[in-house]
Number of protein chains: 4
Amino acid sequence: MSIPRPARTKEEVVKEFRTTEILEAARRVIGELGYGEASMERIAQKAGISKGTIYLYFENKEALFARAIEHGFEQLMEKTRAATRRARGHTAKVSEVARSAVEYSLDYLSFYRVLAERPDLGPAGRSAASDRLRANVDDYVQYVADLLERGTRAGEFRGINPHQAARILLAGVRTIIDEQIREGKHPLVQEEVDTLLDLFLNGAAAGGRS
Amino acid sequence: MSIPRPARTKEEVVKEFRTTEILEAARRVIGELGYGEASMERIAQKAGISKGTIYLYFENKEALFARAIEHGFEQLMEKTRAATRRARGHTAKVSEVARSAVEYSLDYLSFYRVLAERPDLGPAGRSAASDRLRANVDDYVQYVADLLERGTRAGEFRGINPHQAARILLAGVRTIIDEQIREGKHPLVQEEVDTLLDLFLNGAAAGGRS
Amino acid sequence: MSIPRPARTKEEVVKEFRTTEILEAARRVIGELGYGEASMERIAQKAGISKGTIYLYFENKEALFARAIEHGFEQLMEKTRAATRRARGHTAKVSEVARSAVEYSLDYLSFYRVLAERPDLGPAGRSAASDRLRANVDDYVQYVADLLERGTRAGEFRGINPHQAARILLAGVRTIIDEQIREGKHPLVQEEVDTLLDLFLNGAAAGGRS
Amino acid sequence: MSIPRPARTKEEVVKEFRTTEILEAARRVIGELGYGEASMERIAQKAGISKGTIYLYFENKEALFARAIEHGFEQLMEKTRAATRRARGHTAKVSEVARSAVEYSLDYLSFYRVLAERPDLGPAGRSAASDRLRANVDDYVQYVADLLERGTRAGEFRGINPHQAARILLAGVRTIIDEQIREGKHPLVQEEVDTLLDLFLNGAAAGGRS
DNA sequence: CATGAATGAGGCTTCATTCAT
DNA sequence: TATGAATGAAGCCTCATTCAT
């Protein structure tokens, strides 16, 4: 029984490779310079290609940026799903979400910037691209909210608004990434994640529930 | 008892008035259009002056933006201090911090944008202006951290890292502002602030401390 | 009795001067390089200003080009009207039309190019600007057609389709301009105009009417 | 009597076939989009080959365009010669010239565009290609001028400058093509050609010769 | 021969900044 | 001081041309 030839020509493979290469470059440049300062020229330089080549793979700047972010979200979601699948118990799963986000964002700084800059806050809903971007962020938040909701039904969390809680948790994750960026990567990440989760789970108040 | 005439010439008063006027205009334009889209032309229009005049009061765009943000922080700090002074008990003080930040940011969207966009996260210390900006954010976080620390000594909070806790709390505040912006201002702000504080103080875990 | 102050500020005069200056430069560059090769950069150079300045007076390239042509037509119409007004008899008036067009086009080569290149032939009726351009050409042809029609009613011309005759006459004018451009301006223009009119009026056939 | 096998290899035949194929594609694209908008990419698409292939047959864009026009002229000359050969009398021959030009130009709009845009009118003799182009136009005009001259010697035309008359006649032809393009092809072409020839032969003046 | 991905010069446009008035 | 016309660097994008496959 012969293995069927993969349904991809060599050209398609090359094309996908280039596409990914550009997306990675875009993410890195956005990460370094911020959304506003990232230029096509610099992205091309970073990718080791010429300006014009980018336009063979992406319609324009906005499309490239939207895809770069989307690509980042896809990878983050993949990592996150894998990590949560391995974890037993919803509390552990939530912990894995936080750890994945931090780890991933340190690798791909640009991804972090999306969480931080929220380009969707510009003149509301300008383009289809920014709509899709917003949808990506929403999906990610929803994923965490679902986790919290299932955990609540399983008796692990108390009855809090899962959406708001998810957003707050992810905002907490952001503070860790902030700190990592400011101070430079160091080995205390896990500790900070633990503190965040401790705070998220048990609160800051002394003694019992207020 | 007469108040001594301030040792300021009329020119200085006018100068300060103009400065403030421009700063407010800058904050409003940044708020409406975002950091990247805010142009000197529009700021001048909003301030009712001409482009060139701005350069009599500010060195360049970056300096103007940095001062606009700084100005925002000063106002926020003032409001926050007043609010916390009135409150009794550190838990109540923390609550006032959150409420002040949300209220202020809804009034001055631009201020929120700084928290969100964090232009100072670029290549560390790109410019003197961005250094001062960072310092402002730090001061604000420090203020909240001090509050938490004193609260801890007063037995109201358990022994958590006050800096990290402050950052996480403020990140939570941001999520509320996000939501307000996305859904449009509505009267549930107080409710969301309460939920945030409940979560911050008591955590998400069911039952007692984990 | 005091002369009323002209209803124009100095700024308006300067503005109009610059506008005209740019329009002339545009017409000259279009004349030298053709429609397709004329760039904003070269027009700016020719006008002795910088690229950016053009955009203070014209929205974009298309608007500039459309106005440049329109401006040319306005001048041509003015000259033509003045010349025909002076002439007695419709035959003489037609002669003046031809002479005006040739003279004017040699002064403003770019204007000729419009007649020659017919940018309105591109992907039909693409823009408002090209619509207005077409309208200008039509107006000019109509003016000549009216002249021919009145001349016919006055018994000076026989009953030919005035529109087609007008177009043909103007096409004949073009050939003279062509020749002038190719050979360089020389003093035979009047002779060529006379030959054109002789042919237009009396035809090429030997003997009487065929 | 056998026709001797042409001394051409198969390769040469293929080469000529490709060349012609590209020239036709170029003419059609120029006809549809205009001189400025015609890109190598679209010509390649229309010819069913790839961009790079064009460069195996033509040095560059200008050379291709020049050859495309030249090719058009060759075809027009061929058609015109055939048509005039059939006609009896010089007046009839001239009539056939006009009809051929109109018919041909409606079939190959691009050809007309050259007559209209006259890229060779730029700074005299910019390139070898534009020189050859000019020569083509001249040849065509010369052919018509010769016809008129012979007609004059045969007593059919009166003694007018044959060159200028030829240019004027051809310019008149252009106006018909213009009109056809603007209004869309319709069956009145012959009528317009007749009117043109009537005007060309008999003139516009009422009564006898002026 | 043929391809089409890659290049990079060049075109249009914006906008922070300067400077003569 | 205040103005705003002018500047020109820099950004996005197109397309003629090249070249490795």
Side-chain angles (χ1 to χ4, degrees), chain A residues 10-11 14-15 17-19 22 36-45 47-65, chain B residues 11 14-15 18 22 36-45 47-65, chain C residues 10-11 14-15 17-19 22 36-44 47-65, chain D residues 11 14-15 18 36-45 47-65:
Chain A
K10 201 184 77 180
E11 285 76 26
V14 169
K15 182 146 197 160
F17 174 72
R18 264 293 152 82
T19 301
I22 295 169
E37 300 299 312
S39 73
M40 297 300 263
E41 178 64 47
R42 291 190 82 118
I43 291 168
Q45 269 174 26
I49 59 177
S50 92
K51 242 182 328 179
T53 302
I54 297 178
Y55 289 88
L56 297 177
Y57 297 90
F58 298 94
E59 189 147 4
N60 54 33
K61 193 191 184 185
E62 188 182 12
L64 167 60
F65 279 26
Chain B
E11 283 74 26
V14 169
K15 181 148 194 160
R18 266 292 154 80
I22 295 169
E37 301 299 313
S39 72
M40 297 301 262
E41 180 64 46
R42 289 190 82 118
I43 292 168
Q45 268 175 28
I49 59 175
S50 92
K51 244 183 324 180
T53 304
I54 296 177
Y55 287 86
L56 297 176
Y57 296 91
F58 298 94
E59 187 152 4
N60 54 32
K61 194 187 184 186
E62 189 182 12
L64 167 60
F65 278 25
Chain C
K10 201 185 77 181
E11 285 76 27
V14 170
K15 181 148 197 158
F17 174 73
R18 263 294 151 81
T19 301
I22 294 169
E37 299 300 311
S39 74
M40 297 300 263
E41 178 65 47
R42 290 190 84 117
I43 291 168
I49 58 176
S50 92
K51 245 182 324 179
T53 303
I54 297 178
Y55 289 87
L56 297 177
Y57 297 90
F58 298 93
E59 189 146 4
N60 53 33
K61 191 190 184 186
E62 188 181 11
L64 167 60
F65 278 26
Chain D
E11 283 74 25
V14 169
K15 181 147 194 158
R18 265 291 156 82
E37 301 299 314
S39 71
M40 296 301 262
E41 179 63 47
R42 288 191 83 117
I43 291 168
Q45 267 175 29
I49 58 175
S50 93
K51 243 184 325 181
T53 303
I54 295 178
Y55 287 86
L56 297 175
Y57 295 91
F58 298 94
E59 189 152 2
N60 54 31
K61 194 188 184 186
E62 190 182 11
L64 167 60
F65 279 25

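Owing to the predicted nature of the structure, the values given are computational and were not obtained by experimental measurement. In what follows, chains carry the letters A, B, and so on, assigned in the order in which the sequence lines appear, proteins first and then strands, with residues in each chain numbered from 1.
Across all strands shown, D/Tyr57 has heavy atoms under 4.0 Å from sugar-phosphate atoms exclusively, and none from any base.
Put simply, chain D comes within 4.0 Å of DNA chain E, heavy atom to any atom, from E/dC1 to E/dA6, going 5' to 3'.
The phosphate of F/dA2 (OP1 or OP2) has a side-chain N or O of B/Arg18 nearer than 4.0 angstrom.
The CD1 atom of B/Ile49 sits 12 Å away from the C1' atom of F/dG4 (whole-angstrom rounding).
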Polar atom pairs between nucleotides 12-16 of chain F and protein, under 3.5 Å, N or O only, would you list them?
residue : atom : partner : partner atom : Å
F/dC12  : OP1  : A/Lys61 : NZ           : 2.8
F/dC12  : OP2  : A/Met40 : N            : 3.0
F/dC13  : OP2  : A/Tyr55 : OH           : 2.7
F/dC13  : OP2  : A/Lys61 : N            : 2.9
F/dC13  : O5'  : A/Tyr55 : OH           : 3.4
F/dC13  : N4   : A/Lys51 : NZ           : 2.9
F/dA16  : OP1  : D/Lys61 : NZ           : 3.0
F/dA16  : OP2  : D/Met40 : N            : 2.9

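With sequence neighbours excluded, the residues that form a salt bridge (charged side-chain N to carboxylate O under 4.0 Å, His left out) with A/Arg18 are A/Glu21. Applying the side chain to side chain contact (heavy atoms under 4.5 Å, CB included) rule to D/Tyr55 yields the partners D/Met40; only residues at least two apart in sequence or on another chain are considered. Not a single salt bridge (charged side-chain N to carboxylate O under 4.0 Å, His left out) links D/Glu59 to another residue, sequence neighbours left out. In this view, D/Lys51 and D/Glu41 satisfy the salt bridge (charged side-chain N to carboxylate O under 4.0 Å, His left out) rule, not counting sequence neighbours.
Here the CD1 atom belonging to A/Ile22 is positioned 9.5 Å from the CD1 atom belonging to A/Ile43, to the nearest 0.5 angstrom.
In DNA chain F, the stems built from three or more successive Watson-Crick or G-U pairs (distances below 3.5 Å) are E:2-21 with F:2-21.
Looking at every heavy atom in both residues, D/Ser50 comes nearest to D/Ala44 through C-CB, 3.7 Å.
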